[in-house]
Amino acid sequence: MKTAIITRLDCKEPVRALKMSYRGITGRVSMPAGGRAHHESALERDWLKCLAFDPDVKSVTVQPFTMSYEYEGVVRTYTPDVLVERETPAYGAKIVVYELKFRSELKEIWKEFRPRFRAAVELCRANDWRFKIMTELEVRTPYLANAIFFRRYAALVPQKITEEQLLFSLKALGPTTPQALLAASYNTRESQQIAMPFLWRLIAHRRIAAMLDRPMSMHSAIWLPGV
């Protein structure tokens, strides 16, 4: 196999037209930096939702480049699904190229995929990037469920008095739970219900920390970042 090369690079638009794919579903996911990222499968959609909720992600490019590589004497092309630039390294690099595939699909046609993935690994290493294959086991985790839930509240118009009360109470309590924080902040059930969406907003914006890689409930641990 000869060294793979990038034959087309586009950081603004996908390098090929989107189409229905294996278990496909096309659409777009809104990104925090503005604009929407296209997807052509449910698995890609779910991964984009995770990336959109990750504050360490600087940029996301769908189908960022097309590369060419030679296998068995034939020049072939391959376009990966997503390129992500991060503030801090993941898998040893700030730029990670992802391929999203269901495990059953990988098993069915692994022989077809393997040469292109090996070529992608080689190309990424040459650029100090990393190549990562993601399946439903890595994508459909508690973090995805939390990303979907908390992003509903991220766009809420802030309510300064309520949020300051919650933060003041959390500082006084120390590490606690959503249920205990609301009870300490407000005396009545009605007031607690009114304040709850703004508690979720504070978590969505990371002003209140939580273990987002675990299932969240009213009894989950929350605390002030840095404490």
Side-chain angles (χ1 to χ4, degrees), residues 3-69 75-102 105-106 112-141 143-144 146-148 150-151 154-155 204-206 212:
T3 302
I5 60 171
I6 294 176
T7 58
R8 184 178 173 191
L9 176 64
D10 192 334
C11 294
K12 295 181 179 180
E13 295 292 336
V15 298
R16 63 176 174 80
L18 296 175
K19 62 182 180 180
M20 295 298 289
S21 65
Y22 184 89
R23 300 183 184 180
I25 176 171
T26 59
R28 299 179 180 184
V29 173
S30 298
M31 306 305 289
R36 295 184 175 184
H38 300 257
H39 64 80
E40 55 184 19
S41 78
L43 191 60
E44 290 177 18
R45 175 202 63 199
D46 291 346
W47 183 232
L48 289 172
K49 288 181 178 180
C50 289
L51 295 172
F53 188 60
D54 188 343
D56 193 59
V57 170
K58 291 178 63 177
S59 65
V60 175
T61 307
V62 176
Q63 297 179 5
F65 58 82
T66 296
M67 54 178 284
S68 66
Y69 64 98
V75 176
R76 307 165 191 263
T77 61
Y78 164 53
T79 303
D81 290 324
V82 182
L83 182 148
V84 177
E85 183 180 3
R86 296 180 176 274
E87 294 284 355
T88 56
Y91 310 108
K94 288 190 175 182
I95 293 181
V96 183
V97 177
Y98 293 96
E99 178 69 24
L100 284 300
K101 285 285 183 291
F102 287 98
E105 185 182 10
L106 286 175
E112 176 186 338
F113 289 151
R114 185 177 179 182
R116 69 180 67 168
F117 293 160
R118 288 181 62 187
V121 169
E122 178 183 302
L123 182 144
C124 287
R125 284 178 177 169
N127 288 278
D128 292 324
W129 302 347
R130 292 295 180 270
F131 180 76
K132 179 70 175 176
I133 300 170
M134 304 287 285
T135 72
E136 65 271 26
L137 292 185
E138 292 78 30
V139 174
R140 291 176 174 169
T141 64
Y143 187 87
L144 171 62
N146 288 329
I148 293 171
F150 285 109
R151 284 199 76 199
H205 286 276
R206 303 324 199 263
L212 295 173

>> Do His39 and Trp47 have side chains that approach each other closer than 4.5 Å (heavy atoms only, starting at C-beta)?
In response: no

> Do you know which two heavy atoms are closest between Thr79 and Gln63, and how far apart they sit?
Replying inline: CG2-CB, 3.8 Å

> Would His38 and Thr26 satisfy side chain to side chain contact (heavy atoms under 4.5 Å, CB included), going step by step from the backbone distance to the final call?
Replying inline: CA-CA 7 Å; His38 300 257; Thr26 59; over 6 Å; no

>> Using side chain to side chain contact (heavy atoms under 4.5 Å, CB included), reason through Leu106 and Ile133 one step at a time and then give a plain yes or no.
In response: CA-CA 10 Å; Leu106 286 175; Ile133 300 170; 4.1 Å; yes

> What are the two closest heavy atoms between Phe53 and Arg151, and how far apart are they?
Replying inline: CD1-CG, 3.6 Å

> Which distance, rounded to the nearest 0.5 Å, do you find between the NZ of Lys101 and the OG1 of Thr135?
Replying inline: 12.0 Å

>> As an exercise, state the distance from NZ of Lys132 to CG of Asp81, rounded to the nearest 0.5 Å.
In response: 14.5 Å

> Looking at side-chain heavy atoms only, is the closest gap between Val82 and Glu44 below 4.5 Å?
Replying inline: no

> To the nearest 0.5 Å, what is the distance between CD1 (Ile95) and CD (Glu85)?
Replying inline: 5.0 Å

> For Thr88, does its backbone N or O pair with a side-chain atom of Asp56 as donor and acceptor, under 3.5 Å?
Replying inline: yes

> Looking at side-chain heavy atoms only, is the closest gap between Glu122 and Arg118 below 4.5 Å?
Replying inline: no

> What class does the angle between the rings of Phe131 and Tyr78 fall in, given that below 30° is parallel, 30 to 60° is tilted and above 60° is perpendicular?
Replying inline: perpendicular

> Which heavy atom in Ala52 sits nearest to a heavy atom in Ser30, and how many Å separate them?
Replying inline: CB-O, 3.8 Å

> Does the side chain to side chain contact (heavy atoms under 4.5 Å, CB included) test come out yes or no for Leu123 and Val97, once each step is laid out?
Replying inline: CA-CA 10 Å; Leu123 182 144; Val97 177; over 6 Å; no

> Distance from Leu48 atom CG to Leu43 atom CG, nearest 0.5 Å?
Replying inline: 10.0 Å

>> Which heavy atom of Arg86 sits nearest to which heavy atom of Asp54, and what is that distance?
In response: NH1-OD2, 2.9 Å

> Got a second to check how far Tyr98's OH is from Glu138's CD, nearest 0.5 Å?
Replying inline: 11.0 Å

>> Could you report the tightest heavy-atom contact between Ala204 and Arg206, atom names first, then the distance?
In response: O-NH1, 3.1 Å

> Minimum heavy-atom separation for Lys49 to Ala147, with atom names?
Replying inline: O-CB, 3.9 Å

> With no hydrogens and no angle check, is any side-chain donor or acceptor of Arg36 less than 3.5 Å from a backbone partner on Arg28?
Replying inline: no

> Hey, what do you get for CZ (Arg76) to CE (Met67), rounding to the nearest 0.5 Å?
Replying inline: 12.5 Å

